[in-house]
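These notes concern the structure reproduced below.
Quick note on labels: first sequence line is chain A, next is B, and so on, each numbered from 1.
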Amino acid sequence: MLAPLHDWNLVPSEARALQSQLAERLETSDRLAPVSHIAGVDIGFEDGGETTRAAVVVLKWNPATAPDLSVVEQVVYREPTRMPYIPGLLSFREVPAALGAFAMLSVQPELVMVDGQGIAHPRRLGVAAHLGLWLDLPTIGIAKSRLCGKHAEVGEQRGDWVPLYAGAETIGAVVRSRAKVKPVYVSPGHRVTLETSLAWVMRCLGRTKLPEPTRLADRLASRRDERQS
DNA sequence: GCGACAG
DNA sequence: ATCTTGTCGC
């Protein structure tokens, strides 16, 4: 791991101030190495919330078979839950565990998809953006619901999307990843543009609502998949 | 002051 | 997020 960016033990007011500072360090243009592996990250909870469980799944990117991607590695990391869920401060609850899981990987991905917002956040530092800074890797946020921003109705065809705005600023996109299903909220985290984020999400989309990396991580983080390997 | 509010 | 059964639909 690289040098620690900051302390995690902060009270809400300090955490919010830090988010604004860190958001200024996000790279908003593309800086990706050739993609051969994509990771999906998600966090779940056990013991009534006392234990935080981070799951990372690494998939081999194969344009010839996409969106069918093979799982190269998957890890689960557990640690005591640090703080409660507070809207806007999700990353302080989840990123530490995610870092623990990444430290267990033997295969390093060039791109990371996270369950949650990228810059589509009140201070432009959602969990995907925050994790990207710590890992110094390109990250994309794929959330199942909206945290902030406004948008028009999105079309009903799979692949339709509309911009997500915060005033005049475009902070993400609302994507109909699957017909007849609630749309997902895609926003860039670190080192990727919205256009590139959308392209990768679309490429990893099967017939399900979530792109493969996030879908598999979601399953591994949840206790639906008590399996570990 | 009154809502909204990722996971 | 998690607690939880059956049920509607491809």
Side-chain angles (χ1 to χ4, degrees), chain A residues 8 12-13 15-16 18-20 22-23 26 40-57 76-101 112-134 139-151 154 156 158 164-167 171-175 177-190 194 197 201 206-211 213-226:
Chain A
W8 287 106
S13 59
R16 293 189 185 94
L18 176 59
Q19 290 181 318
S20 298
L22 293 177
L26 290 173
V41 192
D42 190 30
I43 277 67
F45 297 87
E46 305 174 336
D47 313 323
E50 291 177 20
T51 300
T52 298
R53 165 170 164 161
V56 176
V57 176
V76 170
Y77 171 83
R78 292 180 174 81
E79 67 172 30
T81 297
R82 315 203 160 218
M83 58 179 275
Y85 167 67
I86 299 174
L89 298 183
L90 181 68
S91 63
F92 288 86
R93 174 173 161 86
E94 302 192 340
V95 170
L99 293 174
V112 181
M113 292 191 184
V114 185
D115 189 333
Q117 314 289 351
I119 62 170
H121 174 281
R123 291 166 295 282
R124 308 295 177 270
L125 196 83
V127 59
H130 202 162
L131 179 62
L133 285 175
W134 272 85
T139 52
I140 299 171
I142 298 100
K144 297 182 290 298
S145 65
R146 187 191 69 90
L147 171 60
C148 67
K150 297 181 172 240
H151 64 86
V154 60
E156 8 190 84
R158 179 173 176 286
L164 176 63
Y165 298 108
I171 57 176
V174 186
V175 182
S177 52
R178 177 177 183 176
K180 298 177 181 178
V181 174
K182 288 176 62 72
V184 293
Y185 294 74
V186 176
S187 60
H190 187 41
L194 174 58
S197 298
V201 167
R207 320 187 200 77
T208 52
K209 163 174 176 167
L210 297 175
T214 296
R215 186 182 72 79
L216 294 174
D218 217 296
R219 206 184 48 163
L220 188 59
S222 159
R223 51 195 318 179
R224 288 193 294 282
D225 197 310
E226 216 61 53

(request) Just do the side-chain contact (heavy atoms from CB on, under 4.5 Å) check on Thr52(A) and Arg93(A) with the steps written out, would you? (result) CA-CA 9 Å; Thr52(A) 298; Arg93(A) 174 173 161 86; 5.6 Å; no
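Within a 6.0 Å sphere centred on CD of Glu79(A), heavy atoms belonging to other residues, nucleotides or ligands number more than 12.
Rounding to whole angstrom units, CZ of residue Arg178(A) and P of dG9(C) are separated by 15 Å.
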(request) Between protein and nucleotides 1-7 of chain B, map the contacts as a letter string: B base, S sugar-phosphate only, - none, heavy atoms under 4.0 Å, written 5' to 3'. (result) ---SBBB
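A donor-acceptor distance shorter than 3.5 angstrom exists from the side chain of Thr139(A) to the backbone of His190(A), with no hydrogens or angles considered.
Using a 4.5 Å heavy-atom cutoff, the side chains of Asp47(A) and Arg78(A) are not in contact.
Evaluated for a side-chain contact (heavy atoms from CB on, under 4.5 Å) with Arg215(A), the options Leu210(A), Asp42(A), Leu220(A), Ile142(A) yield exactly one hit, Leu210(A).
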